[in-house]
Each structure stands twice: as structure tokens, then as C-alpha cells.
Amino acid sequence: MEYKFREIEQKWQKYWSDNHTYKVDIDVNKPKYYVLDMFPYPSGAGLHVGHPLGYIASDIFTRFKRLKGFNVLHPMGYDAFGLPAEQYAIQTGQHPAITTDQNTKRYREQLDRIGFAFDWSREIRTCDADYYKWTQWIFMQLFNAWYNNDTNKAESIDTLISKFETNGTSNVNAVCDEEVRSFTAAEWKSMGEDAQQKELLKYRLTYLSESVVNWCAALGTVLANDEVIGGFSERGGHPVEQKKMKQWSMRISAYAERLLQGLDTIDWPDPIREMQRNWIGKSVGALLRFKLEKFEDKIEVFTTRLDTVYGVTFLVLAPEHELVAQITTPEQKAEVEAYITKTKQKSERDRMADVKTVSGAFTGAYAINPLSGEQVPVWIADYVLAGYGTGAVMAVPSGDERDFRFAKHFNLPIVQILDSQVIEETADPTKEGKYVNSGLINGMSYDEAMKALVAKIEAEGTGKAKVNYRMRDAIFARQRYWGEPVPVYFKNDLPHLIDEADLPLVLPEVDKYLPTESGEPPLARAAGWKYKGEFEYEHSTMPGWAGSSWYWYRYMDAKNDQEFSSKEAAAYWKDVDLYIGGSEHATGHLLYSRFWNKVLKDLGYVNEEEPFKKLINQGMIQGRSNFVYRILGTNKFVSYGLRKDYETHPLHVDVNIVYNDVLDLDKFKNSLPDYADAEFILEDGKYICGHEVEKMSKSKYNVVSPDDIVEQYGADTLRMYEMFLGPLEQSKPWNTNGISGVYNFLRKFWNLFLDEKGNFSVSDEAPTKAELKALHKIIQKVEEDVARFSFNTSVSSYMICVNELTALKCNKRAILEPLVVVLSPYAPHIAEELWALLNPGKGSVINATYPEFKAEYLVEDAFDYPISINGKVKTKLNVSLALEPADVEKLVLESADIAKYLDGKTPKKVIVVKGRIVNMVI
RNA sequence: GCGGAAGUGGCGUAAUUGGUAGCCGCACCAGACUUAGGAUCUGGCGCCGCGAGGCGUGGGGGUUCGAGUCCCUUCUUCCGCACCA
């Protein structure tokens with residue numbers, strides 16, 4: 001009876017599907033556990049061997065938890081809206097729904113072949129109207145909510161309206177747009193419906209506003225900040241420019257502090273939490289107003305170093321600052337305007353790349369330092385960003401390097417403010433020492449000075465303590481076709497939600513997936529697409545992150561057509577216990593999901609403040625490319641070791657026709673017409689290829705498909721080998737060469753269950769001590785490894801166990817049956833087959849119980865002590881473990897064998913660590 | 001520039017509390033077998049050395065009876081952020 005993995009795997013995959021083995025339901029008698037994978041975008045290329053890495057790990061964890069008695073939710077679905085399908089639709093005219101459906105089916109086939117324990121009855125696709133109905137519904141909740149700073153949570157917009165009706169704006173402490181009006185209750189009531197709606201829009205958690213956005217002309221859409229990398233689009237690498245447009249946004253900035261605080265409560269990798277902290281960018285400082293000379297207006301600056309205020313020798317405004325035009329003197333006008341023009345011409349990228357060059361222009365205006373009363377000139381410079389803080393800074397050249405360079409360049413004064421400051425060559429940002437040249441705070445330390453200054457500015461009304469966040473509100477609209485329609489129509493140019501009863505607002509058909517001639521998004525093409533036949537719908541669609549910002553709740557109750565998820569389901573499944581996915585979503589999906597989750601919680605729909613308790617980032621599987629070396633100008637290829645003797649050009653060769661870096665010459669000749677009559681210079685009769693680690697990609701011919709591996713070695717081998725490659729979090733290259741070791745292991749494991757004639761046979765004899773020890777070692781090891789997500793070390797340990805049992809010729813049921821259960825999370829197909837042979841008719845091994853570890857089987861009575869001298873191991877001595885250190889020392893000193901290493905000397909000191917080591921100092 | 005992660009045989013890696021560095025596997029070498037195979041089995045395999053022995057976890061220094069592990073310093077690679085006031 002051979003190990004026929006193809007038959008076995010097909011058989012059990014069918015069994016699982018027919019018997020709904022992995023379907024789970026709410027069961028209040030069992031503890032819940034929720035294991036989630038970041039759901040994939042179903043691309044046309046299908047899965048390569050790197051994609052399932054995280055899914056395999058989460059699957060092992062799921063199966064293990066089930067064996068441990070948990071009710072485990074482990075669903076899968078598709079993040080199916082997205083740009084690639086739409087770009088393809090533009091090229092081919094084919095509806096993106098069709099290609100998406102094809103790709104999804106292919107993904108499903110590929111996933112099924114790997115033998116995952118997904119509950120497919122809960123499958124979701126974000127592009128299904130049944131699903132996006134609820135994405136639209138959540139959008140409506142955000143539209144109908146505002147953030148109350150007094151209660152520190154989102155509330156229904158109704159509570160804001162009633163505040164307006166009773167007291168106007170006077171008792172409202174909200175997160176809102178900057179240019180909100182102040183009004184009394186009477187004024188509010190007399191405002192008129194449209195004016196009221198216009199005002200409310202400035203408070204809603206999702207709102208329409210004129211703002212500067214990242215516009216990508218090549219993709220024909222705006223992008224969120226996290227979709228722009230170094231001035232180029234994340235997808236496609238097209239240039240992105242700043243443009244002022246009316247756009248939907250999400251008021252994520254309201255949650256900045258809670259998003260920051262929450263990071264301390266979740267078990268996530270430090271780098272991800274750090275990236276989110278940076279993205280949120282909290283800084284604690286103060287706002288300070290400088291009065292302008294000759295004008296009524298004041299310049300407000302934000303500073304984190306209020307203590308340096310006496311070192312201010314000039315102010316700098318962003319060139320876009322609203323006061324620039326007003327305050328510029330006639331003499332300086334030409335220079336300032338020229339500078340502004342020059343800045344505008346520079347792209348975002350140029351501006352970022354060119355950090356070294358100092359540039360700026362003097363406005364001719366002066367402002368008064370509110371603390372020192374000194375007059376300081378007002379400049380403009382592009383190192384001050386319009387979008388951060390107030391768009392104006394107080395320049396302290398002694399303490400800030402940029403200000404220092406600016407002052408040197410334009411010959412502005414530099415004033416020392418701390419006695420310990422060294423400012424000959426460069427700025428010194430120190431907080432040490434006592435203040436000098438600093439009026440009020442002379443002689444004080446940093447802490448004293450800060451206290452005194454904050455008290456002073458708040459008392460005089462020239463400023464206040466202030467916390468600033470770098471995170472901006474998130475743009476929530478794309479001028480594209482393949483996304484969720486926004487459930488909004490326009491009346492008198494104002495947005496209104498459609499009736500909840502009219503959900504879902506279905507994506508309409510269009511004749512082309514391109515913008516209209518007038519530059520409107522594709523949805524503007526939809527013929528007769530009007531709300532109640534009368535009102536224009538919003539023509540933008542939602543961004544890619546909309547559908548993924550709440551999907552873990554849908555899995556809890558995927559078929560519910562009354563609610564996005566029932567209260568009962570949310571109360572039982574609560575949150576995701578383990579979330580596995582790539583780190584590329586650090587500041588996108590993982591931040592937006594936390595944001596929506598908090599909104600849903602504030603509005604009373606869910607219970608958890610944080611959606612993902614533990615997060616693990618699986619590493620990337622890189623490609624390992626192979627190369628052949630063509631001699632220049634010929635069709636002759638020289639083997640790797642001899643290539644230095646010729647002038648060659650390296651060419652990528654398909655890794656699937658190379659074995660252990662040896663090229664299959666026939667397959668190579670057949671691979672391309674050009675190669676049909678290729679000639680070779682061999683070494684040792686073989687053609688050896690070069691190799692290099694690169695990204696796995698089609699163009700580098702290093703893509704390995706899981707389908708091919710499953711076909712050749714089986715899914716269990718693939719699963720175990722992916723884990724065997726190394727720690728889950730680490731990036732590592734895929735090299736199919738090593739896989740035979742894992743395959744051989746499974747065959748060796750299988751052979752334990754066979755007699756000499758190759759028939760299935762296990763004995764009911766009592767196990768020996770050595771056999772029990774081998775078994776309990778692996779029971780313990782796998783338990784520990786899974787708990788710390790160290791899946792690679794388990795695989796080695798299984799190998800050790802099977803090597804030991806093979807050497808012991810163990811075929812005993814008492815050992816092998818528990819071993820099948822222990823292996824089943826990693827290699828479920830072979831485990832099912834053997835479990836069925838051991839226990840005919842008893843059902844799936846997933847319903848077995850993980851065997852109990854008993855430490856007594858691991859106890860040894862003697863130990864080979866390493867005997868070291870000055871820390872270097874010289875020999876060993878077998879001593880009973882019952883002996884105490886003093887007795888061990890005595891035996892060591894008496895041993896003639898050890899005496900010869902002592903060189904006749906008496907050790908100065910002997911250290912005996914029981915059960916570990918003996919060290920002698922001579 | 002700032003922040004983070006990581007450097008161990010030819011390769012992927014292991015070493016859970018400071019206690020025998022290199023487990024497990026690949027590749028390689030030698031042998032056996034013969035349905036001559038990208039098969040299977042046995043043995044070897046960190047480096048230098050015939051050997052005794054010496055050296056060895058990116059480099060340098062330190063703490064310790066003892067350091068891959070802790071501390072200082074330095075180099076390299078990868079990732080993120082990047083005029084953030």
C-alpha cells in the first residue's frame with residue numbers, strides 16, 4: 001500500500017465538502033475563536049506559491065484550536081472591487097463583473113486543492129450587491145453621525161440638531177470643518193432646510209468638501225494618502241498631482257487619539273504599530289499668535305518648542321498661506337509672486353527631492369513676538385507645508401536645523417537661548433541647561449520654562465496648549481466604475497441619502513468604462529440613472545478600502561438580509577482573535593478598519609473597541625531565478641562555472657525546467673523556437689544555471705504555482721514545506737529543491753503504518769518507554785510551537801519523531817493514533833486517511849481531541865554532563881540526575897578520565913548546574 | 001536624516017531561562033542496490049590541520065565561571081517615514 005497522495009487528497013477534499021466538515025455555527029457551550037486571513041483580491045494571474053503562506057499558517061492554527069475544543073470561525077472571501085479588473089475592462093470592453101467572477105472561481109479551485117478548513121458557507125464578495133448593500137448602509141450611518149468631543153464618541157446627527165435647536169452652536173464641542181458658522185437657536189430655526197443641511201455637512205463623519213486631493217490623471221481618479229508613494233500612485237506608478245476638488249471624505253481625524261491609544265491595547269507587531277503612530281503623527285505643543293504690524297490680522301503658528309520663543313528671529317509662512325497676498329509690501333511684491341510661481345511649478349516630488357536647497361522670499365511685513373515684544377520679519381518658504389499645523393512657523397535658528405540654514409542663507413540673526421547650546425556650525429536642539437536671552441524664563445530649566453510660558457500665553461490670550469495630528473481626513477471617493485455606488489443623490493446641489501428601503505443602490509450598466517467627454521466619472525454615462533427618476537446620483541464610487549473595512553463582521557452572519565450582522569452573532573464572535581496578512585496594509589486597511597469599527601461601536605452596533613486582537617504579518621516569499629549564459633553573438637550557452645572564460649549575456653530561464661540548478665536541456669530546447677538548435681558547453685556533463693533571489697514575477701520566469709507542486713508532491717507536502725521554509729514573519733526565497741525532504745518525511749510517516757509486505761497493520765502491544773518519550777516530546781513541542789506561531793520548528797520535530805519511531809520499528813496503535821492527531825493540523829489529508837484506517841466509521845480527525853501531554857514520559861534518570869574547562873567543553877561524564885551538584889563535583893574530580901584535562905592542577909572553582917553543565921576554572 | 005527589523009555552514013534554518021553552537025532538511029562526497037533514476041538505502045559533511053589540536057554565530061570592546069543570547073560601539077542588508085515646525 002503506497003502513499004497515493006493524489007487519491008487520498010481528492011477523496012478527503014470531497015468528503016469535507018460533502019459533509020460540511022468545516023461549517024461552524026454559534027455554540028454557546030464552546031469557547032469561540034476567530035481566525036481571519038486578509039482576504040485576497042482575485043487577480044487574473046492566479047495564486048503563486050507565496051500567496052497561501054499565511055493561509056496555511058492560519059489553517060494549522062484553526063485545526064489545532066478545534067482539536068483543543070474551540071468553536072473556530074475561519075472564513076474566506078474576496079475583496080473583489082478594484083482597479084485591475086476595471087483596467088482590463090477598459091482594454092477589452094468586457095464587464096469587470098465577468099472577469100472578476102472567472103478569477104474568483106479560479107482562486108477557489110486553487111485554494112480547494114490545498115485543503116483548507118474554511119467555512120465556505122460564509123463566503124463573501126465585496127462586489128455582490130448583497131454585500132455592498134451593507135457597505136452602503138454603513139456609509140449612511142457615518143453620514144448620519146457627528147463626533148462629540150464632550151462624550152468623546154460619535155453620536156447620531158439628531159443629537160447635534162437638538163443642540164442647535166436649543167442653544168445654537170454655543171454648547172457644541174464637535175470635530176468639524178474649520179469654517180463653521182456660529183449661530184443661536186433662533187438663527188438655526190430660521191435658516192431654512194438647505195442652509196441647515198449645508199451647515200450639518202460640516203459636522204458629519206462623512207462629508208463633501210472642497211479640498212486639495214491627490215489627483216492621478218493616468219488612472220483618472222483621486223487617491224488616498226496611503227495610495228500615493230513618493231508622488232506616484234501605488235498601483236501602476238503613475239504621477240500624482242495636487243488638485244482642488246469637491247470630494248467625499250471620512251472624518252478619521254476625529255479618532256486620531258483613540259486610534260493612537262488603542263495601539264497599546266492590541267497584540268500587533270511593533271513595526272506596524274510604529275507605522276500607525278507615525279501616520280497619526282501626534283505632537284504636543286502650543287498655538288501662538290503673532291500680531292502683524294500695520295494689520296489687524298494675526299499669524300498663528302504651531303510649535304512643539306514654546307520654550308524657544310525668545311530665540312525667534314523670523315516667521316515663515318507656507319507660500320500658499322492665505323495672508324501672504326495681503327501682507328506683502330509693494331516693494332516685495334514682485335519677488336514674492338515670482339517665488340510663489342516657482343513653487344507651484346515644482347511638482348510634489350521635486351519639492352520632496354530637493355530638501356537641501358534653501359529658498360524663500362521676504363514679504364516686507366513684520367510681526368510682534370507676543371512674549372518678547374520684538375519685531376521679526378515675515379518670510380515665505382516652501383519648507384513650510386500649507387497642510388500641516390497652521391501653515392506658519394516661528395523660526396528658531398539656534399534650535400532648528402532648517403531654520404538655521406535659512407537664517408545663514410538669508411543673513412538673519414541667530415540667538416542663543418540656552419547656556420549649554422553650541423551653535424557655531426549647526427543648530428542645537430538641546431533642552432538641557434538654563435535659558436539665556438529669554439526674558440521671563442532666564443535661568444529656568446526646560447520643564448519650568450514650559451510651565452511658565454503656557455500659563456503666560458493662556459492668561460494673556462495670545463496662545464494655548466495644543467495637540468496636533470499629522471493624519472488628515474481620508475478621501476472617500478474614486479472617479480471610477482468598479483466600486484460601490486455612494487447611496488447619495490443631489491437636490492439643490494446638496495447631498496441627501498437615499499431611503500434605506502432603496503438599498504442596495506446597484507451599480508448601473510454603462511456603455512464604456514471611461515470618463516465622459518466633460519470629465520465626469522464613468523457612472524455619469526449610465527442612461528436614465530436618477531433617483532426617483534429625478535435626482536442625480538453621486539457619480540463617484542467608493543474607494544477600494546470601503547468593502548474591507550468591516551468584512552470580518554459580515555463573516556459572523558454572512559447571509560443576513562436584515563442587518564449587516566446580527567447582534568447575537570456579534571455578541572458571540574466578538575472580534576478577530578488572530579489576523580494574518582501582509583504588512584503592506586499597515587496604514588491603509590488596518591487603520592481604516594479600526595476607524596470604522598470604532599464608529600460602529602460608538603453607534604451601538606458592535607461591542608469591541610478594537611477589531612483585531614492579535615496580528616501577524618507573514619513574510620514575503622521571494623522568487624529564486626535561474627540564469628543561462630549565452631555567448632555573445634551565438635546560440636551557444638556556457639555552464640555557470642565556465643562562463644568567465646567567455647563573453648556572455650545572462651538570460652532568465654524558467655525555473656520549472658531546472659532541477660537543483662541543472663538545466664533540462666531537452667525542455668530548454670523546446671521552450672522557445674530560438675533555442676531549438678541551441679548548443680551547450682557543459683561542466684561534468686551537466687549544464688549548471690546561475691541563480692539569484694528576486695521578486696517572484698512572470699517576467700523573471702521564477703513563478704512557481706501551487707497547482708504544480710500539489711500535482712507533483714501533494715497538498716500535504718506543499719503545506720508542510722511552506723512552513724518548513726522558515727519563520728512565518730520572515731521573508732525568504734522559494735526553492736522547490738528542498739521539497740523532497742518533506743515529501744520523504746510523509747512517506748516515512750506513512751510507512752510506519754505498514755508491515756513488511758506493505759499492508760496496513762498496527763499492533764495493540766503496550767508501547768515502550770522510548771516510544772512514549774518520542775510521542776510525548778512531539779505532543780508538547782507542537783503545542784508550544786503553535787502557541788508561539790513557530791510553525792517551522794514543528795515540522796523539524798515531526799521529522800525527528802518519525803526518524804526515532806522508524807529506528808524503533810514502532811507500529812503500535814497507542815503511539816501512532818495520537819501521532820496522527822498531532823500531525824493533522826499540518827497534513828490533514830494523510831491524517832484523515834490514516835485516522836479512517838485506524839478508526840473506520842468514526843468520522844473526521846478534526847473532531848478528535850488533541851492528546852494530553854504527560855511530562856512523566858520525558859523524565860530521564862541520568863545525564864551526560866558536558867565537562868568544560870574555562871568555558872570550553874572537553875569531555876562528557878554520565879551521572880545520575882538524582883545527584884546534587886556537590887556529589888556531581890566530587891565524581892568529576894575523582895574521574896581519571898577528566899584528570900588528564902586538568903594538567904595536574906587543582907581547579908580554582910567548579911560550577912555545577914544540575915542537568916545542564918559542569919565548568920571548571922583552572 | 002529619523003524610526004523599525006535582521007546579520008549563524010555552500011543553501012533554508014535550529015538553539016524556549018545566559019549553560020554542549022549548527023537540530024531538521026536541501027545540496028555535496030563516499031559506498032550499497034540495479035527496473036540506470038531528478039529512485040531507494042547506509043555513512044560522511046562548520047573552517048584550518050595528516051594529527052594532536054586550534055578557530056568559529058558581520059567587526060571591535062565589555063559584563064560573566066560561562067555570551068549566538070546581556071551591555072557599549074561599529075559595519076552591512078532590508079522595510080517604513082521623510083522639510084511635520
Side-chain angles (χ1 to χ4, degrees), chain A residues 229-230 269-275 277-279 281-283 285 301-305 308 316 351-358 381-385 387-396 399-403 405-406 468-470 583-584 586-587 617 619-620 624 658-662 664 691 693 712 721 724-727 729-742 744-745 747 781 784-785 787-788 790 792-800 803 864-876 907-922:
Chain A
I229 292 165
D270 289 335
I272 297 284
R273 290 194 295 175
E274 199 53 36
M275 279 160 74
R277 282 189 198 107
N278 288 340
W279 190 261
K282 179 180 184 174
S283 46
V301 301
F302 176 73
T303 178
T304 54
R305 287 296 300 275
T308 63
V316 190
R351 213 168 136 170
M352 285 198 292
D354 190 18
V355 194
K356 291 271 151 59
T357 316
V358 177
D382 66 2
Y383 80 84
V384 176
L385 306 174
Y388 183 76
T390 61
V393 304
M394 53 177 230
V396 184
D400 183 280
E401 185 53 33
R402 290 155 316 179
D403 298 344
R405 283 207 310 267
F406 196 87
N468 201 43
Y469 300 92
R470 192 162 71 209
S583 58
E584 65 272 22
T587 49
N617 291 126
M620 263 225 302
R624 185 179 186 277
V658 177
Y659 310 93
N660 289 330
D661 292 337
V662 179
D664 184 319
H691 61 87
V693 172
Q712 273 193 65
Y721 186 57
F724 186 63
L725 282 179
E729 294 94 330
Q730 224 168 72
S731 287
K732 55 240 163 187
W734 176 271
N735 185 357
T736 307
N737 290 343
I739 204 168
S740 60
V742 170
N744 286 340
F745 154 75
R747 286 181 35 220
K781 179 73 172 148
E784 285 172 355
D785 284 352
R788 62 193 173 108
S790 173
N792 54 324
T793 47
S794 290
V795 180
S796 303
S797 303
Y798 286 126
M799 291 173 174
I800 294 167
N803 288 347
D864 249 353
Y865 277 90
I867 310 299
S868 50
I869 291 169
N870 294 337
K872 294 269 172 201
V873 176
K874 297 290 176 191
T875 183
K876 294 203 175 141
K908 283 188 217 142
K909 195 170 175 185
V910 181
I911 295 107
V912 179
V913 183
K914 198 174 171 187
R916 288 276 190 200
I917 202 166
V918 177
N919 190 20
M920 288 182 283
V921 188
I922 59 171

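Letters A, B, ... are given to chains in the order of the sequence lines, protein chains preceding strands, and every chain is numbered from 1.
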Is [X] touching bases, backbone alone, or none of the nucleic acid, heavy atoms closer than 4.0 Å?
X	answer
A:K781	base
A:P269	nothing
A:K876	base
A:T390	nothing
A:N803	sugar-phosphate
A:E401	nothing
A:S740	sugar-phosphate

Reckon [X] has a side-chain N or O less than 4.0 Å from the OP1 or OP2 of [N]?
X	N	result
A:R402	B:C84	yes
A:N660	B:A27	yes
A:T793	B:C24	no

If we call it a pair only when both distances are under 3.5 Å in a Watson-Crick or G-U wobble match, what pairs with [N]?
N	value
B:C2	B:G80
B:G7	B:C75
B:A14	none
B:C50	none

*asked:* Could you work out, with side-chain hydrogen bond (donor to acceptor under 3.5 Å, both in side chains) as the rule, every residue matching A:S731, not counting sequence neighbours?
replied: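 Checked A:S731 against side-chain hydrogen bond (donor to acceptor under 3.5 Å, both in side chains); zero matches.
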Within this structure, what is the [atom1]-to-[atom2] distance between [X] and [N], rounded to whole angstrom?
X	N	atom1	atom2	result
A:D785	B:A15	CG	P	8 Å
A:I739	B:C11	CD1	C1'	16 Å
A:R470	B:G80	CZ	C1'	11 Å
A:K282	B:G3	NZ	C1'	19 Å
A:D400	B:C84	CG	C1'	11 Å

*For A:E729 and A:N617, what are the C-alpha separation, side-chain angles and deciding distance, and is it a side-chain contact (heavy atoms from CB on, under 4.5 Å)?*
CA-CA 6 Å; A:E729 294 94 330; A:N617 291 126; 5.6 Å; no
*Considering all heavy atoms of both residues, which atom of A:V921 and which atom of A:I911 are nearest to each other, and what is their separation?*
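Scanning both residues completely, I find the closest heavy atoms to be CG2-CD1, 4.3 Å.
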*asked:* To check you understand the geometry: which heavy-atom pair defines the closest contact between A:M275 and A:T587, and what is its length?
replied: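 Taking A:M275 first and A:T587 second, the nearest heavy atoms are O-CG2, 3.9 Å.
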ring-ring contact (aromatic ring centres under 6.0 Å, His included) partners of [X], counting only residues at least two apart:
X	answer
A:Y721	A:W734
A:Y865	A:F863
A:F406	A:F314, A:W379, A:Y383, A:F410

*asked:* Rounding to an integer number of angstrom, what distance separates B:G59 and B:G66 when you compare their C1' atoms?
replied: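 Rounded to whole Å, the distance is 22 Å.
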_Here's a test of your reading of the structure: between A:N737 and A:R624, which maps to the more 5' nucleotide of RNA chain B?_
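So the residue in question is A:R624.
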_Pick the closest RNA chain B nucleotide for A:S731 and for A:S797 by heavy atoms, then say which residue is nearer the 5' end._
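The residue mapped nearer the 5' terminus is A:S731.
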From [options], nucleotide with atom closest to [X] side chain:
X	options	answer
A:V384	B:A85, B:G25, B:G12	B:A85
A:M799	B:C26, B:A85, B:G25	B:G25
A:P271	B:C84, B:G4, B:U16	B:G4
A:T303	B:A85, B:U16, B:A14	B:A85
A:F302	B:U16, B:G3, B:A85	B:A85
A:R788	B:A85, B:C24, B:A15	B:A15

Name all residues meeting the salt bridge (charged side-chain N to carboxylate O under 4.0 Å, His left out) criterion together with [X]; count only those two or more places apart in sequence or in a different chain, and write none if there are none.
X	answer
A:R747	none
A:K914	A:E884
A:D785	A:K781, A:R788

What does the list of N/O pairs under 3.5 Å between the protein and nucleotides 39-44 of chain B look like, with a distance for each?
residue, atom, partner, partner atom, Å
B:U40, OP1, A:N744, OD1, 3.3

Any protein N or O atoms within reach of nucleotides 29-38 of chain B? Criterion: under 3.5 Å, listing atom names and distances.
residue, atom, partner, partner atom, Å
B:G38, O6, A:Y659, OH, 2.5

_Using the side-chain contact (heavy atoms from CB on, under 4.5 Å) criterion, which residues pair with A:N660? Sequence neighbours excluded._
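With sequence neighbours excluded, A:N660 shows a side-chain contact (heavy atoms from CB on, under 4.5 Å) to A:N737, given in chain and number order.
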*Please identify each residue that fulfils side-chain contact (heavy atoms from CB on, under 4.5 Å) with A:P271, with sequence neighbours left out.*
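side-chain contact (heavy atoms from CB on, under 4.5 Å) list for A:P271, sorted by chain: A:P269.
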*For the residue pair A:V912 and A:V918, establish whether any side-chain heavy-atom pair is separated by less than 4.5 Å.*
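They are in contact (side-chain heavy atoms under 4.5 Å apart), so the answer is yes.
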Could I get a table of every N or O pair under 3.5 Å where one atom is in the protein and the other is in nucleotides 57-67 of chain B?
residue, atom, partner, partner atom, Å
B:C65, O2', A:N919, ND2, 3.0
B:C65, O2, A:N919, ND2, 2.8

*Quick one: CZ on A:R277 to CD on A:E274, what's the gap to the nearest 0.5 Å?*
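Output value for this atom pair is 5.0 Å.
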